[in-house]
There are 4 protein chains.
Amino acid sequence: MTRLNARAKPVRAPVQARSANTVEAIFQATVQVLIQLGIKQLTTTKVADRAGVSVGTLYQYFPNKEALLCAALERHLNAVVSAVEAACSALKGQSIDVMSETLVSAFMQAKLGAPDASKALYVVAQELASADVVALMTQRSQLALCDMLATASDATFNDLRVVSYMLSTALVGPVQGLLHTEVPPEFVQQVKAQLVGMTAAYLKQARSSPLTAAVRHARAEQVSLPN
Amino acid sequence: MTRLNARAKPVRAPVQARSANTVEAIFQATVQVLIQLGIKQLTTTKVADRAGVSVGTLYQYFPNKEALLCAALERHLNAVVSAVEAACSALKGQSIDVMSETLVSAFMQAKLGAPDASKALYVVAQELASADVVALMTQRSQLALCDMLATASDATFNDLRVVSYMLSTALVGPVQGLLHTEVPPEFVQQVKAQLVGMTAAYLKQARSSPLTAAVRHARAEQVSLPN
Amino acid sequence: MTRLNARAKPVRAPVQARSANTVEAIFQATVQVLIQLGIKQLTTTKVADRAGVSVGTLYQYFPNKEALLCAALERHLNAVVSAVEAACSALKGQSIDVMSETLVSAFMQAKLGAPDASKALYVVAQELASADVVALMTQRSQLALCDMLATASDATFNDLRVVSYMLSTALVGPVQGLLHTEVPPEFVQQVKAQLVGMTAAYLKQARSSPLTAAVRHARAEQVSLPN
Amino acid sequence: MTRLNARAKPVRAPVQARSANTVEAIFQATVQVLIQLGIKQLTTTKVADRAGVSVGTLYQYFPNKEALLCAALERHLNAVVSAVEAACSALKGQSIDVMSETLVSAFMQAKLGAPDASKALYVVAQELASADVVALMTQRSQLALCDMLATASDATFNDLRVVSYMLSTALVGPVQGLLHTEVPPEFVQQVKAQLVGMTAAYLKQARSSPLTAAVRHARAEQVSLPN
DNA sequence: CATGAATGAGGTTTCATTCAT
DNA sequence: TATGAATGAAACCTCATTCAT
């Protein structure tokens, strides 16, 4: 919610070798503190301590707390988005069903691979919602989805923008929801199956030329709508 | 992210009429400050000022800042959830298509009716994610969905819990996404249509006795897949 | 040297009675700390401590350190400038000699009355040189001098602006110099005498038509000096 | 205002040619940073950056920040004082009028030649007021003035110390004042003329035996004033 | 009940200085 | 000698909360 978009990646370029280590340690410490204490109790001092460096060092690489969080978020989002991009790229030319299955798998694996981090950084994403990072990542995801969907072997879409928007936003909720309460593993599997089903079902009904399908559907409507 | 769940509704019961006004003013002020400044810059003093009362007065109705935010969030969520509950209640016995259409309508109207408040309070919800309020509201929504889906005229579901979980979580993302960037009204309409379609498509493929449906579906697949 | 001109008098208006006391205490503490430790070692905490209040209280009346110093400086300068204004006002219609004598007296008394404060705040004035306070005070002094000089009984001046500029700036150095090194009282008296002499001599040679004026002056001297 | 007088010239003697360049670069960088950012924002790192060296190098030539500023100030003051000394030396045996004219010229030229530096370093001088540098420079100026005044062709002075003190302190204000506000060139010329006039007038009235001298002078005035 | 002045712990950030490379 | 990463004390400032009026 911060108004001024954090000047994104102000990570002072590490000239010497040890710098890289330091930056890496700070990143990990940030996520750890975020997980253990939450964003409200995260302080730059705590992060520095956890990273085994002094506050001063932290500030040599990140101009301020917001930039630190922004960079940490970016790193995390980048991992998730990259996974999505990779999946999309590999899925070109496949059918809707294959796409749905693989995409959901990749997405869930990426998010649930480090569930604590995902959970903790989601809050950061909300606070930095107006920041460029989030917008950019969202764009990248939707672009990848567009590119993939355009090549679907069994469908063409009128407005890819809307469809990719739907997909990228609708998948988040169900997966994110799994992070907030202790759920049994089988519930996770059920959700995954439902997500694949939902994705496939949505994409099929969103195809542009649902020719015969549309006709049958229309008839079905006439029958079912007597109210 | 704060660990200690704010003892939920510590709002001293407004015994007098004047008190009711004061509390109301404080609630509105909270949302306004949240919208204008964001959660990071929201202070109890600013809220009190905006509400036209002194900090002391604010603390007479809310034991601490977290309780204030919690109550404000609860109020907002309650409106949305109530709209969903009402819709669900009215939709009992209807078909999947009607349910989808009306449910999405009700949900979007509730969320987009006060977009700024929705956006601002969403961040609060994240920060208080572990708090009871959010969990309770989620439960209420899913319960209402369960009750409604159980009466669908054209479907029965094996695991209503999973389906209602899917619905309640999947709808949020696409609608929330509309709040973060300036989007043209027609995009909102497109998203709504897609959301209706997605909901209906999902529910249809999720019904337990895909008897006739499954058959028709299978045929459709055979026809549509060769391309 | 600070670029952004301190938003001068942001002293939150004291609504209650005790506020006035608090502000007064803070002002005095500021000067005391300034005298004892100098500007480099002056911290808001030290000032608050010395004033017997908490830092928070200090910041309720002054938005930041610069504003505090600015206000303290203004207060001091105002005393000096007011003394000059009063003297100028009382001296209207007098001769150059009388003006010189009285003006220098008033100025020195004002500055040397609280020598430590004068010395300490002079440094502040330098650091805030670009701020409005200093400029305004300078203007007030020169304006008062202009008004006075315009009424001199034994002189008229072509460019009052330049003359008043000269006077107001030239007097400062010799008096300020007395503050920096331990000087014997008789040296102070000598400087005062010299300053009176210099002022009178300067004004006489600066008058526009020293011809007839000089004659009248000479006569006037003979008459007025017997005392 | 710092109590501990910076151990004056701790500038490691630049034994090699390279060193001399480095020190020179650091000096210039100091003044530049001072001009652009002011003393409050001057940091050793910024100075080093500007000088094109590392902080470590800076600290090899100056034991600490104060010594750096002290040395920079000394350098600047030395230029001004040297100009005054040279002028005084060359003016021996001259008349008051010639002395006034030339002295003021030399002083103004020295100060206004690099107005930004003069302005910026003046603040430094204030902060280091108690340091030896400033005192020494002041002494040198006054000594030079004493030596010169003692040889005036048309005057003798009772207390040269007081007179030279007056001159050296009174000239600063009017010239310094020109640095703080944007003034038109003609105002500078006016001030210069007034300063010459003031100096001459002061010195004349400060002569010990103004008896015969005054008479001669009066005559000269009558002759020279017809314009 | 309302007020708002006071509190002070604690968070963010800076920067002079050091020292291993 | 030069470098620049690292240090950490200390400064500035905020704000949730209390309590005398």
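Just so it is clear: chains get the letters A, B, ... in the order the sequence lines come, proteins before strands, and each one is counted from 1. Both backbone and side-chain heavy atoms feed into the values below; hydrogens, waters and symmetry mates do not.
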Checklist entry - For Tyr61(C) and dA6(E), is the shortest distance between a side-chain N/O and OP1 or OP2 below 4.0 Å? => result yes
Checklist entry - Do the non-hydrogen side-chain atoms of Leu37(D) and Leu42(D) ever get within less than 4.5 Å of each other? => result no
Next on the checklist: side-chain contact (heavy atoms from CB on, under 4.5 Å), that's the test. Do Val31(B) and Phe27(B) meet it? Break it down for me.
Outcome noted: CA-CA 6 Å; Val31(B) 175; Phe27(B) 271 133; 5.9 Å; no
Checklist entry - Among all residues two or more places apart in sequence or in another chain, which pass the side chain to side chain donor-acceptor pair (under 3.5 Å) test with Thr57(C)? => result Ser54(C)
Checklist entry - Expressed in angstrom and rounded to an integer, what is the separation of Leu58(C) atom CG from dT14(F) atom C1'? => result 13 Å
Checklist outcome for this item: Atom CZ of Phe62(C) and atom P of dA6(E) are separated, to the nearest Å, by 12 Å
Item to check | Gap between atoms CD1 and C1', on Ile26(B) and dA2(E) respectively (whole Å) | outcome: 11 Å
Next on the checklist: I need the CG-P distance between Leu37(D) and dC15(E), as an integer number of Å.
Outcome noted: 10 Å
Checklist entry - Within this structure, what is the NZ-to-P distance between Lys40(C) and dA16(E), rounded to whole angstrom? => result 9 Å
Next on the checklist: With heavy-atom distances below 4.5 Å as the criterion, would you say the side chains of Val33(D) and Thr43(D) are in contact?
Outcome noted: no
Checklist outcome for this item: When rounded to whole Å, the CD1 to P distance for the pair Ile39(D) and dC15(E) reads 13 Å
Next on the checklist: Applying salt bridge (charged side-chain N to carboxylate O under 4.0 Å, His left out) as the test, list every pair that has at least one member in residues 48-61 of chain A; sequence neighbours left out.
Outcome noted: none
Next on the checklist: Once side chain to side chain donor-acceptor pair (under 3.5 Å) is applied, do any residues pair with Asn78(C), and if so which ones, sequence neighbours excluded?
Outcome noted: Arg140(C)
Checklist entry - How close or far is atom P of dG8(F) from atom NZ of Lys46(A), stated in whole angstroms? => result 20 Å
Which protein N or O atoms sit under 3.5 Å from an N or O of nucleotides 16-18 of chain F?
{"residue": "dA16(F)", "atom": "OP1", "partner": "Lys65(B)", "partner atom": "NZ", "Å": "2.8"}
{"residue": "dA16(F)", "atom": "OP2", "partner": "Thr44(B)", "partner atom": "N", "Å": "2.8"}
{"residue": "dA16(F)", "atom": "OP2", "partner": "Thr44(B)", "partner atom": "OG1", "Å": "3.1"}
{"residue": "dT17(F)", "atom": "OP2", "partner": "Tyr59(B)", "partner atom": "OH", "Å": "2.9"}
{"residue": "dT17(F)", "atom": "OP2", "partner": "Lys65(B)", "partner atom": "N", "Å": "3.0"}

Next on the checklist: Under 3.5 Å for both pairing distances: what stems, at least three Watson-Crick or G-U pairs long, include DNA chain E?
Outcome noted: E:2-21 with F:2-21
Checklist entry - Does Thr57(D) put a side-chain nitrogen or oxygen below 4.0 Å from OP1 or OP2 of dT1(F)? => result no
Item to check | Check: Leu128(D) and Val133(D) side chains under 4.5 Å, non-hydrogen atoms | outcome: no
Checklist entry - Between atom CG in Asp49(A) and atom P in dT12(E), what is the gap in whole Å? => result 12 Å
Checklist entry - What residue pairs, at least two apart or across chains, pass salt bridge (charged side-chain N to carboxylate O under 4.0 Å, His left out) with a residue in residues 19-33 of chain B? => result Glu24(B)-Arg75(B)
Next on the checklist: When you measure from the side-chain N and O atoms of Ser54(A) to the phosphate of dT7(F), is any distance below 4.0 Å, counting only OP1 and OP2?
Outcome noted: yes
Item to check | Under 3.5 Å donor-acceptor, Lys46(C) side chain and Gln41(C) backbone | outcome: yes
